Structure formats: C-alpha cells, structure tokens
Number of protein chains: 2
Amino acid sequence: MDNIIERGRLYDYYGGLLTGHQRQIYEAVVYDDMSLSEIAAEHDISRQGVHDLIKRCDKQLARYEEALGLIKRDKNVDSKLDEIALLSKDKKIIHIIDEIKDML
Amino acid sequence: MDNIIERGRLYDYYGGLLTGHQRQIYEAVVYDDMSLSEIAAEHDISRQGVHDLIKRCDKQLARYEEALGLIKRDKNVDSKLDEIALLSKDKKIIHIIDEIKDML
C-alpha cells in the first residue's frame with residue numbers, strides 16, 4: 001500500500017466511511033504530506049499512534065473495496081467509455097464522455 | 001424505506017458491508033419475501049429480533065449512501081449515458097452503453 005494513487009483512489013471512494021478524526025489525520029499525512037511527528041504533536045498523540053491509525057485506515061479502506069468492488073467496477077466502466085470515444089466522431093459525445101469520466 | 005426498489009438498490013451497493021448473518025436474514029425478508037415469523041423460527045431468534053435487525057440494516061445501508069453517495073452519482077452517470085444514446089446512431093455505441101448500464 002505504498003502506491004499514492006491507489007491510496008488516493010481508495011480514500012476518494014470510501015473515505016466517507018472513516019470517522020472525522022481518522023479522516024483529519026489521514027488527509028494530513030497522505031495528502032498534505034505532513035510528517036508523522038508533526039501530526040503527532042498537533043493532535044497530542046504519539047508518533048506510533050499516528051502510524052497505527054494510518055495503517056488501520058489503509059486496511060479498512062482496502063477491505064471496503066474488497067467488499068464492494070466499486071473501484072474495480074468503475075475501471076471497467078472507464079474502459080467501455082474509451083471504446084465509445086474511439087468509435088464516435090461526434091464532439092458532443094466526446095464531451096459527455098469526459099463529463100462521465102470526471103464523475104468516476 | 002418501504003420502497004422495494006430503493007431498498008434493493010441500497011443493498012446491491014452496500015450489502016457487502018453487512019455481516020453474513022445480517023445479509024442472510026435481510027435477503028430472506030426483502031428478496032425471498034419470507035415472513036418475520038418464518039425467519040425467526042428458522043434462525044431461532046424472536047420475531048421482534050428479526051424486525052429490529054431489518055430496521056437496523058435499512059438504517060445502516062441508508063447511512064452508507066449518505067456517506068458515499070455512489071447511487072446518486074451513478075444515477076447522474078446513467079442520465080449522461082442516455083444523452084449519448086440520444087445523440088448516437090451507431091449500433092455499436094448503443095450496445096456499449098447497454099453494457100455500461102448493466103454494470104451500474
């Protein structure tokens with residue numbers, strides 16, 4: 001789970017199922033790239049505590065995808081949209097495809 | 001939450017987050033249309049216990065959608081696909097749109 005894109009994607013989909021506290025710390029580390037020590041000091045918990053929380057969140061997010069498979073499904077939808085884009089010469093259609101891709 | 005379609009849709013998306021026990025009973029009542037008393041006897045719990053479990057699951061499923069909004073998002077994707085279908089005369093594109101709609 002060292003892949004930042006995969007992490008970001010899991011968080012995009014399932015972050016809403018984490019607690020507010022988890023989200024705050026997770027975002028600080030994964031998105032704002034703050035160090036564990038910085039976060040620890042800011043939230044008055046141990047560095048190890050931050051580390052464990054992040055690990056737990058990663059596992060939880062991965063389990064949500066395992067249970068629901070929505071990221072995998074959307075990857076397939078995305079491929080199908082590419083097929084349409086290849087077949088179509090209509091600019092309006094290409095534009096709508098872009099809109100859908102932005103939603104996924 | 002008496003709408004069977006909405007219930008089915010919520011379950012399709014988020015049922016994977018319920019426990020196996022919850023799923024078994026929820027499906028028996030909501031999909032197989034068994035009576036609460038039948039399920040209660042089969043699982044050796046009270047009729048009230050089944051009733052409460054179903055209610056709790058309904059609430060939980062609704063909360064997942066509230067937190068993640070993926071059903072709402074997919075409804076928007078579906079509308080956009082309809083727009084493409086209206087614009088396109090290519091049978092191959094229409095076919096791919098159907099495939100995508102089946103995934104949603």
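The sequence lines fix the lettering, A, B, ..., with proteins before strands; numbering per chain opens at 1. In what follows, every heavy atom counts, from backbone to side chain, and hydrogens, waters and symmetry copies are set aside. For clarity, every value in this text was computed on a predicted model and none was experimentally measured.
- A donor-acceptor pair is defined here as one N or O able to donate and one able to accept, closer than 3.5 Å; no such pair exists between the side chain of A/D32 and the backbone of A/M34.
- The closest donor-acceptor contact from the side chain of A/R23 to the backbone of A/L18 lies under 3.5 Å.
- There is no side-chain donor-acceptor pair under 3.5 Å between B/E65 and B/Y13.
- Taking the centre of each ring, A/Y31 and A/Y11 come in below the 6.0 Å mark.
- For a heavy-atom cut-off of 4.5 Å, chain A lies close to B/I93, B/I96, B/I97, B/E99, B/I100, B/M103, B/L104 in residues 93-104 of chain B.
- Contact of B/N76 with chain A is made through backbone and side chain together, with heavy-atom distances under 4.5 Å.
- Highest contact tally toward chain A, considering only B/G15, B/G16, B/G69, is held by B/G16 [criterion: heavy-atom pairs under 4.5 Å].
- A/L70 is connected to B/L61 through a chain of hydrophobic side-chain contacts under 4.5 Å among Ile, Leu, Val, Met, Phe, Trp and Tyr, so both are in one cluster.
- With A/Q24 contributing its side chain and A/H21 its backbone, the two residues share no donor-acceptor pair below 3.5 Å.
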Original post:
Between B/L53 and B/V29, does a side chain to side chain contact (heavy atoms under 4.5 Å, CB included) hold up when you go through it step by step?
Top reply: CA-CA 11 Å; B/L53 181 145; B/V29 173; over 6 Å; no

